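So the structure is just underneath, and the comments pick up after that.
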Amino acid sequence: MFSHQDEQEWLRREREIDSAVGDDGFGTVDRRCSWAEESPFALCQYFLLHVGGRTWLGRKLVAEGRTDPSSVLTPRMLMGEFGGLRFTRERVVFHFTARSVEERAAVLARAAKDGEADIDFLFPRLDSDWNEALVPPHVWDGTAELADNLDPDEAHFRAAAALLLRDLVQPGDTIYDPACSTGRFVSSLGEAFPDCRVLASDASEKMVELARRRIPDAFVANGLGRPAPEESVQVLVMRFLNAEVLSVDTAVAGFRSLVRLIAPGGHALVFGHTPVLPAVRQLAEETGLEVRSAVAATPGTEDEVFQFYLLHRPVAAAAAA
């Protein structure tokens with residue numbers, strides 16, 4: 001794992017990069033550019049945006065006042081059109097063609113409206129030995145301070161979910177979050193759709209204690225262990241298949257297990273604070289799901305976007321299976 005000193009060095013460098021990257025971006029407009037990343041800890045901040053037959057390279061930035069990157073992507077973070085990468089033990093060198101801030105903003109705005117657009121994070125979070133870095137389980141054991149840190153960063157997720165689902169859910173539908181954390185997210189859906197049934201669970205007893213302030217029936221369960229009957233849920237929330245929380249292999253296995261809970265005609269939301277680890281489009285196809293959209297815009301903006309999958313289980317496909 002990264003030491004505290006390593007993490008402080010990473011944050012210092014992130015501050016320098018954020019200060020150096022203005023609206024003009026990471027390179028000279030319309031020129032081929034290279035960008036070297038020598039910190040394995042930062043590789044999880046790089047992403048590819050696929051939209052309109054073009055692939056763009058981006059890098060999350062850590063804004064002043066934050067100690068980690070936001071899940072929201074802005075035009076400043078879009079480096080340019082992707083031209084490939086070269087990987088060694090010492091560094092990863094990314095190649096791209098820089099584009100104007102106006103074009104970068106237009107690309108993000110288009111992605112938010114294009115159901116075929118997608119965001120792909122290239123790397124999980126890595127430690128100084130280039131191994132997957134996971135946060136120790138006890139960190140998720142629920143404290144008021146942790147809740148205060150997590151809940152504000154989910155505001156755009158909550159708003160986007162309510163907008164996406166408003167024409168999809170019906171009275172009596174079950175909305176289930178099997179890793180509910182503080183319960184703030186799924187309880188917001190209960191407020192938006194009061195005629196629906198809300199289920200919430202978490203593997204952490206302390207998190208469930210916090211969640212019960214909003215959802216009295218929240219229960220302790222392993223979110224990866226199919227904690228509800230198959231095909232019993234109309235809206236499944238998968239918000240924990242992410243870097244730092246799970247390894248890539250565990251996240252993929254968790255996805256395959258959890259989607260069996262979705263009823264015919266039902267939906268799933270897949271997102272997270274940090275990069276979503278599974279290749280969602282591929283796994284959706286393999287498990288009989290349709291990807292309705294993969295990118296959402298922060299409400300009130302056009303060019304601030306984030307990774308947010310809406311999946312659908314067709315009735316006919318479920319019957320055939």
Side-chain angles (χ1 to χ4, degrees), residues 1-21 26-27 32-50 55-63 66-73 77-96 118-140 153 179 224 238-256 270-283 306-307:
M1 291 293 295
F2 253 62
S3 68
H4 177 72
Q5 182 177 351
D6 289 331
E7 191 162 357
Q8 290 302 304
E9 175 59 24
W10 164 81
L11 185 57
R12 181 197 63 76
R13 183 170 180 267
E14 291 301 314
R15 292 273 187 267
E16 291 179 351
I17 293 172
D18 183 61
S19 297
V21 176
F26 287 79
R32 294 184 181 273
C33 305
S34 297
W35 179 272
E37 181 58 66
E38 297 183 0
S39 169
F41 199 59
L43 285 172
C44 64
Q45 295 166 221
Y46 289 86
F47 61 91
L48 297 180
L49 172 66
H50 307 282
T55 299
W56 295 73
L57 174 68
R59 186 191 194 278
K60 285 185 179 183
L61 299 170
V62 181
R66 294 189 62 94
T67 57
D68 60 349
S70 169
S71 55
V72 176
L73 310 177
M77 300 178 190
L78 210 56
M79 302 170 76
E81 291 192 68
F82 183 55
L85 62 83
R86 294 293 180 269
F87 187 102
T88 71
R89 181 75 179 181
E90 289 73 31
R91 65 185 61 83
V92 178
V93 180
F94 298 90
H95 302 283
F96 60 97
D118 210 340
I119 297 169
D120 179 23
F121 285 90
L122 301 171
F123 300 94
R125 195 173 193 182
L126 301 172
D127 63 21
S128 53
D129 293 321
W130 299 78
N131 298 313
E132 288 187 66
L134 302 180
V135 172
H138 66 81
V139 173
W140 307 111
D153 268 356
L224 299 177
M238 291 190 281
R239 55 199 283 280
F240 68 119
L241 307 180
N242 303 319
E244 296 187 78
V245 180
L246 300 173
S247 69
V248 173
D249 289 345
T250 302
V252 169
F255 181 98
R256 291 184 181 279
V270 185
F271 63 96
H273 290 278
T274 49
V276 173
L277 295 173
V280 175
R281 283 190 184 272
Q282 178 178 337
L283 286 173
F306 50 95
Q307 188 180 39

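Since this is a predicted model, take the numbers as computed values, not measurements.
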Test log, rule side-chain hydrogen bond (donor to acceptor under 3.5 Å, both in side chains), inputs Gln45 and Glu14: CA-CA 11 Å; Gln45 295 166 221; Glu14 291 301 314; 3.1 Å; yes
N-O pairing of Glu16 and Arg13 below 4.0 Å: no
Salt-bridge criterion met for Arg66 and Asp153 (N-O under 4.0 Å): yes
Criterion ring-ring contact (aromatic ring centres under 6.0 Å, His included) on Trp35 and Phe94, from CA distance to verdict: CA-CA 5 Å; Trp35 179 272; Phe94 298 90; 9.1 Å; no
For [X] and [Y], which heavy atoms make the closest approach, and how far apart are they?
X      : Y      : result
Pro40  : Leu126 : O-CB, 3.7 Å
Gln307 : Val276 : OE1-N, 3.3 Å
Arg59  : Tyr46  : NE-OH, 2.9 Å
Ser71  : Phe306 : O-CB, 3.4 Å
Leu78  : Phe47  : CD1-CE1, 3.9 Å
Lys60  : Leu73  : CG-CD2, 3.8 Å

Hey, does [Y] have a side-chain heavy atom less than 4.5 Å from the side chain of [X]?
X      : Y      : answer
Leu277 : Leu241 : no
Glu81  : Leu57  : no
Thr250 : Leu224 : yes
Leu85  : His95  : no
Val245 : Leu134 : no

Derivation of the side chain to side chain contact (heavy atoms under 4.5 Å, CB included) call for Val62 and Thr67: CA-CA 7 Å; Val62 181; Thr67 57; over 6 Å; no
Just by modelled atom types, is the [Y] backbone N or O under 3.5 Å from a matching donor or acceptor in the [X] side chain?
X      : Y      : result
Asp129 : Asn131 : no
Ser19  : Arg15  : yes
Glu132 : Val248 : yes

ring-ring contact (aromatic ring centres under 6.0 Å, His included) evaluation trace for Trp130 with Phe41: CA-CA 8 Å; Trp130 299 78; Phe41 199 59; over 10 Å; no
Pair Thr55, His50: side-chain N/O donor-acceptor within cut-off below 3.5 Å: yes
Side chain to side chain contact (heavy atoms under 4.5 Å, CB included) evaluation trace for Phe87 with Phe123: CA-CA 12 Å; Phe87 187 102; Phe123 300 94; 3.8 Å; yes
From CA spacing to verdict: side chain to side chain contact (heavy atoms under 4.5 Å, CB included), Arg86, Val92: CA-CA 6 Å; Arg86 294 293 180 269; Val92 178; over 6 Å; no
Atom pair SG/CD of Cys44 and Glu244 - distance to nearest 0.5 Å: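 So the SG of Cys44 and the CD of Glu244 are separated by 6.5 Å.
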Test log, rule side chain to side chain contact (heavy atoms under 4.5 Å, CB included), inputs Leu43 and Glu37: CA-CA 7 Å; Leu43 285 172; Glu37 181 58 66; 3.8 Å; yes
Parallel, tilted or perpendicular, as decided by the 30° and 60° cut-offs, for the rings of Phe96 and Phe26: perpendicular
